[in-house]
Amino acid sequence: MRIYNTMTRKKEEFVPVEPGKAKIYACGPTVYNFFHIGNARPFIIFDTLRRYLEYSGLNVTFVQNFTDVDDKMIARAKEENTTLKELGERFIKEYYTDAKGLGIKPADFQPKATEHIKDIVALIKTLEEKGHAYEAGGDVYYDVSSFPGYGKLSGQSLEDLQAGARIDVTDVKRNPEDFALWKASKQDEVGWDSPWGKGRPGWHIECSAMSMKYLGDTIDIHGGGQDLIFPHHENEIAQSEGATQKPFAKYWMHNGYININNEKMSKSKGNFFTVRDIAQKYDLSVIRLFMLSAHYRNPVNFSEELIMQAASAMARIKNFRDNLKFIIDSGGSNEVDISKDICALEDGFKKAMDDDLNTAEAIGVIFEYIKDVNLAFENGADKKNAQDALIALDKILDVLGITFLQDVIPDEIKELAKKRADARANKDFAAADALRDEISALGYDIKDTPEGVKINKR
RNA sequence: GGCGCCAUAGCCAAGUGGUAAGGCCAAGGUCUGCAAAAUCUUUAUGCCCCGGUUCAAAUCCGGGUGGCGCCUCCA
């Protein structure tokens with residue numbers, strides 16, 4: 001598999017640090033609110049990456065953290081007159097609800113920052129000992145000038161960064177680009193005891209500490225949104241490599257943004273849709289298909305029109321599966337050979353995914369498969385054909401994390417369908433049409449076939 | 001100012017040197033007692049513009065135009 005590495009700005013062959021294994025760390029949510037679909041993109045992308053590497057036979061360890069202490073968390077808890085802990089627990093629970101709807105499997109480890117204070121403090125102490133960190137008034141800062149590689153991920157020199165910096169230079173920092181590893185708590189703020197007094201970790205240090213704790217000093221893939229390249233990931237490199245003198249991550253993967261009217265969706269701009277809101281109106285598997293319909297590094301616009309397009313595309317896949325299930329249930333007799341089509345599906349899928357996780361092309365391969373199998377089944381198919389076709393498709397859909405709920409046809413609908421069949425048998429078409437309209441009004445489509453009556457949920 | 005991304009049909013979107021995947025919409029056909037649904041077929045001599053390299057360019061190089069992002073919390 002080839003992966004685009006932000007560090008080298010090239011597609012590179014993926015060679016794991018340890019043969020047969022893949023260690024992945026993806027930056028997770030700050031749990032002070034419901035997450036929006038811009039946040040959802042990396043969750044879906046890296047879940048798909050993880051599934052594909054597992055499908056490829058690698059033993060994957062996947063870590064995604066929860067940031068449950070930072071300025072926003074503290075401000076929000078204060079606003080809502082609650083504790084940091086309660087706020088975090090509440091939105092972690094909500095995260096799992098939305099993630100499940102989007103087909104995101106829980107990571108192997110989902111560590112919380114607040115449960116790793118000891119690891120974080122130990123890492124800061126190491127950095128202090130090695131001359132990368134200094135204390136200033138209860139805060140501890142990372143001295144970027146002590147790390148020669150600073151800027152290598154974002155492609156910026158320290159001078160360039162300083163020239164464009166919009167940060168106020170404070171007296172306590174040695175360089176304007178120095179960032180906080182540890183922040184002293186204000187009077188009534190939450191905090192943990194440390195060698196520098198009561199305080200809390202800075203944002204960047206938690207990812208370094210938890211990545212190294214669960215995955216070791218050097219991992220294979222570190223991922224997140226493009227907006228994390230600088231400063232977050234740049235700082236992680238400085239922290240981890242400053243402490244270990246070993247490479248922190250072999251491959252850096254960054255997804256593009258979700259835009260609204262070509263502008264980045266972000267909480268500060270207020271132009272966002274939460275996954276929770278969208279779930280009111282659409283099946284979240286549609287959002288997943290929508291996300292995977294474009295290459296992960298490209299920006300994608302979001303609008304209701306585009307979601308409706310994705311919903312129609314989703315319906316096409318669903319119809320195909322329903323047709324296969326109908327053949328399996330009713331048992332056809334016309335044997336055809338679809339082994340070529342199954343091979344084309346599997347080969348095409350692998351080829352697409354091996355090329356820097358090209359899910360857009362992979363989805364194209366699925367639709368070509370649907371068309372080819374439909375053509376092959378034009379004059380009917382037998383039960384085994386349909387089973388083979390369904391198993392092959394579902395295997396691929398599972399790697400993409402696109403799942404379908406089993407439609408249960410209610411007895412009420414079955415009853416109406418039976419009455420209609422009786423009316424048709426008696427050539428009472430007026431009654432049959434009335435029953436058909438009734439079924440249709442309840443959201444079901446009905447079709448007469450030689451094998452029997454087929455009922456589909458719309 | 002520094003670093004970077006994007007531009008392909010009415011709407012989305014693959015395609016990084018060999019003659020434009022796929023989806024949505026639309027039109028036409030098939031099936032059906034009629035309809036709906038389903039399904040099939042059709043739909044870019046051309047990929048923002050101008051030069052260049054090449055037997056060959058959406059793709060590589062140079063120069064424009066338009067849009068966006070990071071350098072401050074952000075996925």
Side-chain angles (χ1 to χ4, degrees), chain A residues 6 9 11 26-30 35-46 67 70-72 75 151 154-157 159-168 177 203 223-232 234 254-259 261-269 272 289-290 293-295 297-301 303 305-317 319-320 322-323 326 348 352 355 358-371 374-375 377-378 424 427 429-430 432-433 436-437 439-440 444-450 454-456 458:
Chain A
T6 306
R9 310 200 189 232
K11 280 188 201 172
C27 292
T30 301
F35 65 90
H36 62 64
I37 58 160
N39 304 326
R41 191 174 191 191
F43 303 158
I44 291 170
I45 297 298
F46 293 109
T67 297
D70 80 335
D71 292 342
K72 293 188 300 285
S154 51
Q156 302 258 75
S157 69
E159 297 79 68
D160 293 340
L161 287 164
Q162 285 168 350
R166 281 177 273 167
I167 311 166
D168 295 332
E177 292 299 319
W203 172 39
Q226 281 170 353
D227 46 1
L228 297 186
I229 294 172
F230 191 90
H232 186 56
E234 196 71 74
H254 293 97
N255 62 274
Y257 302 125
I258 301 286
N259 294 154
N261 294 324
N262 289 317
E263 285 196 342
K264 181 185 172 185
M265 177 184 296
S266 69
K267 284 179 179 163
S268 53
K269 281 184 183 164
F272 60 88
L289 182 68
F290 168 74
S293 293
H295 186 87
R297 281 190 284 118
N298 287 347
V300 296
N301 257 311
S303 70
E305 189 198 346
L306 297 174
I307 292 304
M308 290 194 306
Q309 289 188 6
S312 296
M314 193 67 166
R316 187 167 159 81
I317 302 175
N319 282 326
F320 178 71
D322 285 346
N323 288 340
F326 182 73
D355 183 18
N358 194 336
T359 53
E361 195 177 319
I363 288 167
V365 170
I366 290 173
F367 282 108
E368 283 178 82
Y369 172 75
I370 289 175
K371 184 170 286 182
N374 274 332
L375 280 170
F377 285 7
E378 203 172 15
R424 275 166 54 83
K427 300 262 185 255
F429 291 124
D433 286 356
R436 178 225 289 157
D437 290 345
I439 292 166
S440 177
Y444 290 83
D445 289 317
I446 198 157
K447 179 181 166 70
D448 306 297
T449 75
K454 196 154 114 187
I455 310 170
N456 278 331
R458 208 177 302 127

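Distance from the side chain of A:Lys371 is smallest to B:U41 among B:C71, B:G15, B:U41. For A:Arg424, the listed nucleotide lying nearest its side chain is B:G33; candidates were B:G23, B:C70, B:G33. Of the listed nucleotides (B:C70, B:C34, B:A14), B:C70 has the atom at the smallest distance from the side chain of A:Asp227. Of all nucleotides listed (B:A75, B:C6, B:G33), B:C6 comes nearest to the side chain of A:Asn298. In the set B:A35, B:U41, B:C70, the nucleotide with an atom closest to the side chain of A:Leu375 is B:U41. In this structure, the nucleotide among B:A21, B:A75, B:A38 sitting nearest to the side chain of A:Glu368 is B:A21. In the set B:C11, B:A75, B:A37, B:A75 carries the atom at the smallest distance from any side-chain atom of A:Asn255. Across B:A38, B:G23, B:C24, the shortest atom-to-atom separation from the side chain of A:Ser312 is found for B:C24. When each of B:U72, B:A13, B:G33 is scored by its nearest atom to the side-chain atoms of A:Glu177, the top-ranked nucleotide is B:U72. Looking at the side chain of A:Asn262, the nearest of the listed nucleotides B:C70, B:C73, B:G67 is B:G67.
A sub-4.0 Å separation between OP1 or OP2 of B:C40 and a side-chain N or O of A:Arg316 is present. Listed pair A:Lys269 / B:G69 meets the phosphate criterion, a side-chain N or O lying under 4.0 Å from OP1 or OP2. Close to B:G15, at under 4.0 Å from its OP1 or OP2, lies a side-chain N or O of A:Asn358. Between A:Asn456 and the phosphate of B:A37, there is no side-chain N or O to OP1/OP2 separation shorter than 4.0 Å.
For B:C11, its base sits under 3.5 Å from the side chain of A:Gln309 at one donor and acceptor pair at least. For B:A36, its base never sits under 3.5 Å from the side chain of A:Arg436 at any donor and acceptor pair. Checked by distance alone, A:Asp433 brings a side-chain donor or acceptor within 3.5 Å of a matching partner on the base of B:G33.
Between A:Thr6 and A:Gln226 the shortest side-chain heavy-atom distance does not fall below 4.5 Å. Using a 4.5 Å cut-off on side-chain heavy atoms (C-beta onward), A:Tyr257 and A:Ser266 make no contact. You'll find the side chain of A:Asn39 stays beyond 4.5 Å of the side chain of A:Pro29, heavy atoms only. A heavy-atom distance below 4.5 Å is found between the side chains of A:Ser440 and A:Arg458. Counting heavy atoms from C-beta outward, A:Asn323 and A:Lys454 have side chains that approach closer than 4.5 Å. Using a 4.5 Å cut-off on side-chain heavy atoms (C-beta onward), A:Asn255 and A:Phe46 make contact.
Taking atom C1' on both B:A14 and B:U59, the two are 13 Å apart, rounded to the nearest angstrom. If you take atom C1' in B:C25 and the same atom in B:U43, they sit 11 Å apart, rounded to whole Å. Taking the P atoms as reference points, B:U45 lies 35 Å from B:A35, given to the whole Å. Comparing B:A58 with B:U19, their C1' atoms sit 11 Å apart, to the nearest whole Å. Comparing B:A13 with B:C71, their P atoms sit 25 Å apart, to the nearest whole Å. Using C1' as the reference atom, B:C12 and B:C47 are 15 Å apart when rounded to the nearest Å. Taking atom P on both B:U72 and B:G64, the two are 28 Å apart, rounded to the nearest angstrom.
Under the 3.5 Å distance criterion, the side-chain polar atoms of A:Ser293 are matched with a main-chain donor or acceptor of A:Leu289. In terms of modelled atom types and a separation under 3.5 Å, the side chain of A:Gln156 and the main chain of A:Gly151 share no donor-acceptor contact.
The separation between A:Asn374 atom CG and B:G29 atom C1' is 16 Å, rounded to whole Å. Rounded to an integer number of Å, the gap from A:Ile258 CD1 to B:C5 P is 20 Å. Whole-Å rounding puts the A:Ile455 CD1 to B:A38 P distance at 16 Å. The interatomic distance linking A:Phe320 (CZ) with B:G22 (C1') rounds to 15 Å, in whole Å. One atom, CZ of A:Arg297, and another, P of B:A14, lie 11 Å apart when rounded to the nearest Å. When rounded to the nearest whole Å, the span between NZ of A:Lys447 and C1' of B:A37 equals 8 Å. If you measure from atom NZ of A:Lys11 to atom P of B:A14, you get 12 Å, rounded to the nearest angstrom. The NZ atom of A:Lys264 sits 17 Å away from the P atom of B:C6 (whole-angstrom rounding).
With both pairing distances under 3.5 Å, B:G1 is matched to B:C71 as a Watson-Crick or G-U wobble pair. The partner of B:U39 is B:G29, judged by Watson-Crick or G-U wobble contacts that both fall below 3.5 Å. The partner of B:U65 is B:A7, judged by Watson-Crick or G-U wobble contacts that both fall below 3.5 Å. Under the Watson-Crick or G-U wobble criterion, with both distances below 3.5 Å, B:A44 has no partner in any strand shown. When Watson-Crick and G-U wobble pairs are counted only if both distances are under 3.5 Å, B:C34 pairs with no nucleotide at all. When Watson-Crick and G-U wobble pairs are counted only if both distances are under 3.5 Å, B:G17 pairs with no nucleotide at all. If you check B:A58 for Watson-Crick or wobble pairing at under 3.5 angstrom, you find it has no partner at all.
Comparing A:Ser293 and A:Gly38 along RNA chain B, the residue whose closest nucleotide (by nearest heavy atom) sits nearer the 5' end is A:Ser293. Each of A:Glu263 and A:His232 was assigned the nucleotide of RNA chain B with the nearest heavy atom; the assignment lying further toward the 5' end belongs to A:Glu263.
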ask   = Do A:Asp355 and A:Lys11 pass the salt bridge (Lys or Arg N to Asp or Glu O under 4.0 Å) test, and can you show the C-alpha distance, the side-chain angles, and the key distance before you say yes or no?
value = CA-CA 9 Å; A:Asp355 183 18; A:Lys11 280 188 201 172; 2.9 Å; yes
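Note on A:Ile446: a base of the nucleic acid sits closer than 4.0 angstrom, heavy atoms only. Residue contacts shown for A:Phe429 include a base, since a base heavy atom lies under 4.0 Å away. Within 4.0 Å (heavy atoms only), A:Leu306 reaches sugar-phosphate atoms of the nucleic acid but no base atom. A:Tyr257 comes within contact range of at least one nucleobase, with a heavy-atom separation under 4.0 Å. A:Met308 comes within 4.0 angstrom of no nucleic acid atom, judged by non-hydrogen atoms across all strands. The residue A:Ala360 sits close to a base: some heavy atom pair falls under 4.0 Å. Residue contacts shown for A:His295 are limited to sugar-phosphate atoms, with no base heavy atom under 4.0 Å away. Across all strands, A:Asn323 comes closer than 4.0 Å only to sugar-phosphate atoms, never to a base (heavy-atom distances). At a threshold of 4.0 angstrom between heavy atoms, the contacts of A:Ser266 include nucleobase atoms, whether or not backbone atoms are also involved. Nucleic acid contact for A:Gly151: none, since no nucleic acid atom lies under 4.0 Å from a heavy atom of the residue. Looking at heavy-atom distances under 4.0 Å, A:Glu378 makes no contact with the nucleic acid at all.
Side-chain atoms of A:Asn301 and A:Asn262 include a donor-acceptor pair closer than 3.5 Å.
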